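To start, the structure under review is shown below, and the notes come after it.
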Amino acid sequence: MKVILHIGAHRCATRSFQNYMTRKSETLSQYGIAFMGPERTRKGLLHGVQPGAISVTGRNPVERARGRISLQLAGLHNAGTAAVVISDAAMLQPLEQCFALGALYPGAGEHLSRLDHAFSGAVTDVMLNIRSPESFWASAMAARLEHTLRLPNARTLARIAEATRSWRDVIQDIYCAMPGARIRVFAHEVFAAQPEAQLSAVTGVDCPRVRGSFRLNASLRLPELRAELPKRITNLLPEGEGRWMPFSEAEAARLRESYYDDMMWLVGGADGLAELAEDPNKSDTTTNTPAPDQIAQEDLTRGRLHDPDTGRLAGTG
């Protein structure tokens, strides 16, 4: 049985993927594919895996988590499950910790190493969604602003733009933490609206397609932010009708350039650490690598931190 961890990242259509898995669960079960989303991972399944409050019972929370996970996997295996997909972006690292340190998932290695131990090395595949950092951070900041009314200051933006850590470092951490797993990387610019293609790539099953286009819990554009946020916040936002970009042009260009370097590394084989998924809609066999100008223009903001299904469903506009 394949044990597939879909670890996000945040703001990379993770919620859309989870929604697809839930909506198609009955059909997917016919192919032997099971799904566990944040409703399971955050309500018992992974309790005790990461450091937290010490149990008053004196029992070892990590060993209890290992036993709980082992029982769940054994039950699925005995039921004839061919693959189980466990999806939660918090498994990579809580997004708020990235804000605090101004870097892309600096604790990813530690978090996933504990997960690997909790799963007793049973994880066979890891799915990682990435996107150009300037749009990743902009989308994350827009969602954070909506929830906390906290605007990033110039020092924070500069620190993020000047950080040397990139997706390549995150992938290297994942490989070190889970050396027995096959790592597949999906570019948000290509796969944001293709959850079925992502699932097909890791399971080998021709999964049912999504009907129509949808934007699930997209980050708010500037007009929506002005309409929903207090005046003291909206007075500080730039004019315009598009998406909010908090970075200067120079900062955004630097972040975008780091992504281009990462994509070139992935196209070149990623030193054997990971595989870049190809766009299934391309007519040739070459890997689809978004160009820097395409990355800047095609800012497909989908997904957000896991929330109840109170978000918006809208058309492609």
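The figures here come from the full heavy-atom set of this structure, side chains too, leaving out hydrogens, waters and symmetry mates. All of these numbers come straight from a predicted model, not from anything done at the bench.
Tested against Asn129, the residues His10, Arg11, Arg184, His6 include a single side chain to side chain donor-acceptor pair (under 3.5 Å) partner, His6.
A donor and an acceptor atom, one from each side chain of Arg66 and Ser120, are located under 3.5 Å apart.
A donor-acceptor pair is defined here as one N or O able to donate and one able to accept, closer than 3.5 Å; such a pair exists between the side chain of Glu189 and the backbone of Ser132. Here the side chain of Asn153 pairs a donor or acceptor atom with the backbone of Arg155 at under 3.5 angstrom. Not one N or O on the side chain of Trp244 forms a donor-acceptor pair closer than 3.5 Å with the backbone of Pro238. Counting only distance, with no hydrogens or angles, the side chain of Glu251 and the backbone of Ser248 share a donor-acceptor pair below 3.5 Å.
Here Thr124 contributes atom OG1 and Leu5 contributes atom CG; the two are 8.5 Å apart, rounded to the nearest 0.5 Å. Interatomic distance, Leu46 CG to Leu115 CG, rounded to the nearest 0.5 Å: 6.0 Å.
Tyr105 and Phe136 have tilted rings, their planes meeting at an angle from 30° to 60° on a 0 to 90° scale.
At a threshold of 4.5 Å between non-hydrogen side-chain atoms, the residues Ser87 and Met21 do not count as touching.
Checked against ring-ring contact (aromatic ring centres under 6.0 Å, His included), Tyr31 has no partners two or more places apart in sequence or in another chain.
The side-chain hydrogen bond (donor to acceptor under 3.5 Å, both in side chains) analysis of residues 72-85, with sequence neighbours excluded, yields the pairs Arg40-Gln72.
Using a 4.0 Å cut-off between charged nitrogen and carboxylate oxygen, Arg254 and Glu134 do not count as a salt-bridge pair.
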